[in-house]
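Accompanying notes for the structure given below.
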Amino acid sequence: MKPVLPLILTFSALISPVAIADVDYSIDLLNPQHHLAKVEVSFPKTSSAALVVNLPVWRTGKYEVLPLADSVRLFTAKDSSGSELPWTRTASGEWTVALDKPTSVTVSYQLYANKLGQRVNHIDASHAFLDASGTFVYSPEFRADPINVSLSVPAEWNSYSGMDKGQTAHSFTATNYDILVDSPIETGISEHREFKADGKQYELVIWGEGNYDIDKMVDDLSKLSGQAEVIWDDYPFERYVYMVHATSGARGATEHLNSTIIQRPRFSYRDRKDYLGFIKTASHEFIHTWNVKAYRPQGLVPYDYQEEGITQLLWIAEGSTSYFQSQLLLRAGVITAKEFFEDLAKRVAQSEHTPGREIQSVASASANQWASTGGDYAVNHSTNIYSEGYLTSLALDFSLLNETKLKHSYRDVHRELYQSHRIPAGYNIDDVKSILQQLSGTSYEKWWQQHVNSPISLDFETMLEQAGLAVGYGEDAKSEPFVGVTLASDSLVLSRVLRNGPAWNAGIVLGDEIVAVNGLKVTAAGFDSRIKDFKAGGEIILTLFSNDRLKEIKLTLGEQKSGKMAISSVAKPSRAQKAFFKAWLGVDWPFDDDGKLTSVD
């Protein structure tokens, strides 16, 4: 096993020309009711003419510049004798402290922590979640130095982090700031479990009440955590912490160096569909411990906390992680083959109903991620690095399996990235192409141009047939009329108009408000049902407001299939197709001789 943490320290040491000394952080959380805390940071002695102090402008795992420093007030700086030092705000996330003699420097500030949904920080009467990117300032001069963190918290609170524990119950140590910024702290009133998997230590920490079954979560997380060996040869950690927020409103997740934070509504765990959302998210973030935290594209190596990191390979960092998440759960027996196929079919259907995939490649989408937006424009003109990155990974996996006669798969690409391009090295496009050529014995230049540098277009029916699978809507699917619009919640205002769909081609645009169909009033709740009164290919007249002006627009209805897309067995799958399936997913053929799944529980 290669020593990941010392490698990070070795790289970080190149940043600082001064001797290594500890940076001490303390945060006072004794009065948390109003989301406020007092932070104090003691930097070692410096002979510089000024000490630059920064708070990151983004947090790892979210490729977006955020106004994190707006949470800082009452900033002060003092020298070793306690005298105040003059400082200047030199950037949104930067303070420059003037020094006229060698001295240690202590900075303090009030922190407002109420960014729960962004997974940056949150303080209230029951807990504090602290991601260092929005909580603890650093100085580039001492970024490589060892760190001590101490918390002052209410007596009934417990504190957890992926960092090493310090000398007290509410203290932690880190090799350097890069470790601190990637090791969030959860302190407060919570449920806590410990377990082992494949010789490693794990913890589950849950803040908030909800309808979760903590014993089932531990059981499934144990099964998941033991599956890493099917892709990678070893672990970049000895201990890993699953942090869960069962709350209201906030949802999402973020990967960290040896932990993750997962947020879901407090009553979204009991039903199987909801629970699958949780466990798939946990799998996704766990995989990120390798794919992103242990190896990642060179555009993100090292992390520059004050600047964007541009790369054309985010589709590998994110989309490939999505691609593997359900595979590990399937191998572990946490999800069924039926649930795996449902997830894959949903992704294929979503892609086919996203016109933006015809406009933007995954390489372009990766490079544009920091400037990406959602909504109507994204659906019509953009590619999602997660969803289309998943499908690009699927295509690459099938290509490798074919080229190597099932000897190598896409898992081997990630195994090699982990072995040969761990942080601080990183990898670039040529590195990935080189690995593909080494595994397959053939150049992937043409494949890369067609599937990565160009908008992806996949023949899913032909591709999945290689694994003995058929994709379609089933024999009972019917033809339905199709307008190509999405209504805003409880409204007839259009929140989306699909590019080149019937409404788009008729001149209907985002923000138009429909009031009638063929001269008769229609409601938001009844719109879809009303459209089904007509036949595909027929004409209707929509009455609508566009820029406050009433219009009547004639529209020719399109056609779409009813029901959900599904994946099933082909008729009489061959031995070769079953072998392909096994090499792809690592599980036995799940259908009986009649094409029915042998287990759907």
Side-chain angles (χ1 to χ4, degrees), residues 23-44 50-59 65-99 103-140 142-143 147-155 157 159 161 163 168 170-172 174 177 180-181 183-189 207 250 261 305-306:
V23 180
D24 294 321
Y25 290 81
S26 64
I27 181 166
D28 186 337
L29 299 163
L30 292 174
N31 296 290
Q33 292 85 354
H34 299 292
H35 312 297
L36 296 174
K38 181 180 179 180
V39 180
E40 186 172 282
V41 187
S42 296
F43 294 104
L51 182 71
V52 175
V53 177
N54 295 109
L55 192 70
V57 300
W58 65 285
R59 68 154 176 78
V65 173
L66 301 169
L68 301 180
D70 186 50
S71 295
V72 173
R73 294 289 187 273
L74 305 178
F75 183 94
T76 63
K78 295 182 180 180
D79 64 16
S80 56
S81 65
S83 299
E84 290 203 15
L85 295 166
W87 56 269
T88 305
R89 188 71 173 266
T90 44
S92 64
E94 183 174 280
W95 297 258
T96 300
V97 181
L99 304 175
T103 182
S104 59
V105 176
T106 298
V107 302
S108 63
Y109 50 92
Q110 173 187 280
L111 178 75
Y112 179 69
N114 194 23
K115 295 183 174 67
L116 180 64
Q118 292 183 338
R119 293 174 295 286
V120 171
N121 53 38
H122 185 252
I123 299 171
D124 68 13
S126 66
H127 91 133
F129 174 75
L130 307 172
D131 183 307
S133 60
T135 304
F136 296 128
V137 297
Y138 72 99
S139 173
F142 299 109
R143 177 172 165 176
I147 283 171
N148 304 303
V149 183
S150 63
L151 289 69
S152 298
V153 300
W157 286 19
S159 301
S161 175
M163 286 185 285
T168 65
H170 302 287
S171 66
F172 302 95
Y177 186 79
L180 172 63
V181 83
S183 304
I185 298 168
E186 173 63 37
T187 180
I189 301 169
W207 167 68
I261 172 62
Y305 304 118
Q306 309 311 125

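In what follows, every heavy atom counts, from backbone to side chain, and hydrogens, waters and symmetry copies are set aside.
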With a 3.5 Å cut-off and sequence neighbours excluded, list the donor-acceptor pairs that the side chains of residues 87-99 form with protein atoms.
unit_1 : atom_1 : unit_2 : atom_2 : d
W87    : NE1    : F75    : O      : 3.4
R89    : NE     : A91    : O      : 3.1
R89    : NH2    : S92    : O      : 2.7
T90    : OG1    : E94    : OE2    : 2.7
T90    : OG1    : T96    : OG1    : 2.9
E94    : OE1    : N54    : ND2    : 3.1

Give the table of side-chain donor-acceptor pairs shorter than 3.5 Å for residues 123-133, with sequence neighbours excluded, one pair per line with atom names and distance.
unit_1 : atom_1 : unit_2 : atom_2 : d
D124   : OD1    : S126   : N      : 2.8
D124   : OD1    : S126   : OG     : 2.9
D124   : OD1    : H127   : N      : 3.1
S126   : OG     : W207   : NE1    : 2.9
H127   : ND1    : E186   : OE1    : 3.4
H127   : ND1    : E186   : OE2    : 2.8
H127   : NE2    : H122   : ND1    : 2.9
D131   : OD1    : S133   : N      : 2.9
D131   : OD1    : S133   : OG     : 2.6

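Considering only heavy atoms from C-beta on, I27 comes within 4.5 Å of T135 through its side chain. No side-chain heavy atom of P44 sits less than 4.5 Å from a side-chain heavy atom of S104.
In this structure, the side chain to side chain donor-acceptor pair (under 3.5 Å) partners of H170, at least two apart in sequence or on a different chain, are S159. Under the rule for a side-chain contact (heavy atoms from CB on, under 4.5 Å), the partners of T76 that lie at least two apart in sequence or sit in another chain are S108. Listed by chain and residue number, Y177, Y305 satisfy the ring-ring contact (aromatic ring centres under 6.0 Å, His included) test with Y138 (two or more places apart in sequence, or in another chain). Applying the salt bridge (Lys or Arg N to Asp or Glu O under 4.0 Å) rule to D70 yields the partners R73; only residues at least two apart in sequence or on another chain are considered.
For the atom pair OG (S171) and CG (L151), the distance works out to 8.5 Å, reported to the nearest 0.5 Å. Taking CG of N148 as the reference point, atom OH of Y25 lies at 10.5 Å (rounded to 0.5 Å). Atoms CG and CG, on L111 and D28 in that order, are 11.5 Å from each other to the nearest 0.5 Å. Between atom CG of residue L85 and atom CG of residue D79 there is a gap of 5.0 Å, rounded to the nearest 0.5 Å. Taken to the nearest 0.5 Å, the OH atom of Y109 stands 12.0 Å off from the NZ atom of K38.
The one candidate from L180, V23, N121 that meets the side chain to side chain contact (heavy atoms under 4.5 Å, CB included) condition with F136 is L180. Partner V41 forms a side chain to side chain contact (heavy atoms under 4.5 Å, CB included) with one of V137, D24, T106 and no other, that one being V137.
Checked by atom type, the side-chain pair S80/T103 shows a donor-acceptor distance below 3.5 Å.
Closest of all the heavy-atom pairs between H35 and N114 is CE1-OD1, 3.6 Å. Closest approach of I185 and V149 over heavy atoms only: CD1-CG1, 4.1 Å. In plain terms, the two heavy atoms of P184 and S161 that are nearest each other are O-OG, 3.1 Å. Annotation for Q306 and W58: closest pair N-NE1, 4.4 Å, computed over non-hydrogen atoms.
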Derivation and outcome, side-chain contact (heavy atoms from CB on, under 4.5 Å), residues V57 and L68: CA-CA 6 Å; V57 300; L68 301 180; over 6 Å; no
Kindly indicate, with the supporting measurements, whether the criterion side-chain hydrogen bond (donor to acceptor under 3.5 Å, both in side chains) is fulfilled by S71 and K115. CA-CA 10 Å; S71 295; K115 295 183 174 67; 2.5 Å; yes
Hey, mind stepping through V105 and K78 against side-chain contact (heavy atoms from CB on, under 4.5 Å) and telling me if it holds? CA-CA 6 Å; V105 176; K78 295 182 180 180; over 6 Å; no
Output, in order, the C-alpha distance, side-chain angles, deciding distance and verdict of side-chain contact (heavy atoms from CB on, under 4.5 Å) for L36 and N31. CA-CA 7 Å; L36 296 174; N31 296 290; over 6 Å; no
